[in-house]
Asker: 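Just dropping this structure here.
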Amino acid sequence: MKIFKFGGASVKDAAGIRNVYDVLQIAGHDDVLLVVSAMGKTTNALETVVKNYRDKSKELKESLQDVKKYHNEILLDLFEDESHKVFADVSGHFSDMEYFLGHNKSPNYNFVYDQIVSYGELISTVILSHYMNYRAIPTNWIDVRNFIKTDSTYRDANVDWEQTQKNISKNVKRKQLNITQGFLGSDENGFTTTLGREGSDYTAAIFAYCLNAESVTIWKDVPGVMNADPRYFENAMLLHQISYREAIELAFYGATVIHPKTLQPLQGKEIPLYVKSFVNPELAGTSVSKGADLDPQLSCFIVKKNQLLISLSSIDFSFIMEENISEIFALLHKFKMKVSLIQNSAISFSVCVDDKFGNFADLKSILSKKFKVSYNDNVSLYTIRHFDEKSSEMVEKDKTVLVKQISRETLQLVTLESSLTKTTEKL
């Protein structure tokens, strides 16, 4: 079996849905499982619904109506007959969402988030499944929440691999086209959980691992994995081959084409991962597999914007020792701070983190009891794998470097960018 993952950009409108059909005509659809994300920016739109619900905003009804209208316009473009069952199925999901909003008693924001945002994936896969049937490709629609079981860490759930393996290996039907949702799971109480933003890639890897799949293909709007993000760097080049080890390194440092958790289960069974273009599906794309670290051998550039640099120093000039560092990391874990860089000296300790849950104010109040805390927000973290003098100079140009760290293969820079900094860098 092959696993194909289609992200939100690939199914953002009716033309995207039709294009998925065209891609399957080229790539094949027998003995295939599709993992599909919410359409376009639906996740963001549903986050607005959650925010308005939490704030008891008068705009809740309007924000929900916007999501309904967006999907209904896609339906009307795809299906000539408004009596088609897909209209009732999609309406049923919206009714379930509204019922939850009207009857929920939980004050837990993360719990509410998962219950609401999950409808994006459920609705997109219902539409895609009906359209494939409409175009004479029979499908088996799967509710992923019955297969991937997790703990109750809402918004960043941990997979129960033993139970998930049993569910998938016994119940996924082969020799046909299966369609399921990315990003979602459920806990032991049957409540919906999510695997973290961009978790659809991870979903594809979970199914591949449990099914001993032949391969995983992530279909994107780019030719494959580039050596830099074209939004920030000019003349980015396609990487034809990346080893599992190198891909894990790139993902760890923040490369966004492949989700950080995706690669580990694939490496365990040496299942190749392909990143290909849904715009030009006949192109070879990038292969992530056992083999050469990089082909071609190039410097790889990764930039993470809107990071937070936290610097701690001891109030009494005592050394920051192992027990202090252990305590600091326990707090970073508690407040869900993703650490990307560490630097310490005798009496100071700095970390560059991603505060995606907005917990820094609470963390700072605790740290301030023991340390002098200073910080810079909205900094950028640049990582260069396989760096050389030219690549280093290019990234540092017109920037204020707050932290610079070098290892054998990797250079990292935390920077404040001056007004002279250009939007893109020429490689």
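Heavy atoms only: backbone and side chains are in, while hydrogens, waters and symmetry mates are out.
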Asker: Keeping to residues at least two apart or across chains, list the side-chain hydrogen bond (donor to acceptor under 3.5 Å, both in side chains) pairs with something in residues 183-192.
Answerer: Arg145-Thr192, Lys149-Ser186, Ser152-Asp187, Tyr154-Asp187

Asker: Distance-only, no hydrogens or angles: does the Thr42 side chain make a donor-acceptor pair with backbone N or O of Met39 under 3.5 Å?
Answerer: yes

Asker: May I ask you to check whether over 12 heavy atoms, not counting those of Lys51, lie within 6.0 Å of atom NZ?
Answerer: no

Asker: According to side-chain hydrogen bond (donor to acceptor under 3.5 Å, both in side chains), who are the partners of Asn178, at least two apart in sequence or on a separate chain?
Answerer: Asn140

Asker: Would you say the side chains of Thr125 and Glu121 form a donor-acceptor pair under 3.5 Å?
Answerer: no

Asker: Hydrogens and angles aside, do Ser106 and Asn104 bring a side-chain donor and acceptor to less than 3.5 Å of each other?
Answerer: no

Asker: Take the angle between the ring planes of Phe4 and Phe6 and call it parallel below 30°, perpendicular above 60°, tilted in between.
Answerer: perpendicular

Asker: Go through the structure and list residues passing side chain to side chain contact (heavy atoms under 4.5 Å, CB included) with Phe252, not counting sequence neighbours.
Answerer: Lys338

Asker: Between Ser365 (side chain only) and Asp362 (backbone N and O only), is there a donor and an acceptor less than 3.5 Å apart?
Answerer: yes

Asker: According to salt bridge (Lys or Arg N to Asp or Glu O under 4.0 Å), who are the partners of Lys290, at least two apart in sequence or on a separate chain?
Answerer: Glu270

Asker: Not counting sequence neighbours, which residues clear side-chain hydrogen bond (donor to acceptor under 3.5 Å, both in side chains) with Lys5? List them please.
Answerer: Asp201

Asker: Tell me the side-chain hydrogen bond (donor to acceptor under 3.5 Å, both in side chains) pairs involving residues 85-95, sequence neighbours left out?
Answerer: Lys85-Asp89, Asp89-His130

Asker: Thr150: what forms a side-chain hydrogen bond (donor to acceptor under 3.5 Å, both in side chains) with it, not counting sequence neighbours?
Answerer: Thr193

Asker: Please name all residues satisfying side chain to side chain contact (heavy atoms under 4.5 Å, CB included) with Gln297, sequence neighbours left out, ordered by chain then number.
Answerer: Leu294, His386

Asker: Partners of Asn212 by side-chain hydrogen bond (donor to acceptor under 3.5 Å, both in side chains), sequence neighbours excluded?
Answerer: Lys269

Asker: I'd like to check the ring pair (Phe, Tyr, Trp, His ring centres under 6.0 Å) partners of Tyr119; sequence neighbours left out, ordered by chain and number.
Answerer: none

Asker: According to salt bridge (Lys or Arg N to Asp or Glu O under 4.0 Å), who are the partners of Asp160, at least two apart in sequence or on a separate chain?
Answerer: none

Asker: State which residues pass ring pair (Phe, Tyr, Trp, His ring centres under 6.0 Å) with His333; sequence neighbours excluded, sorted by chain then number.
Answerer: none

Asker: Within a 6.0 Å radius of atom CD on Glu59, are there more than 12 heavy atoms belonging to other residues, nucleotides or ligands?
Answerer: no

Asker: Any chance the side chains of Thr203 and Gln181 put a donor and an acceptor closer than 3.5 Å?
Answerer: no

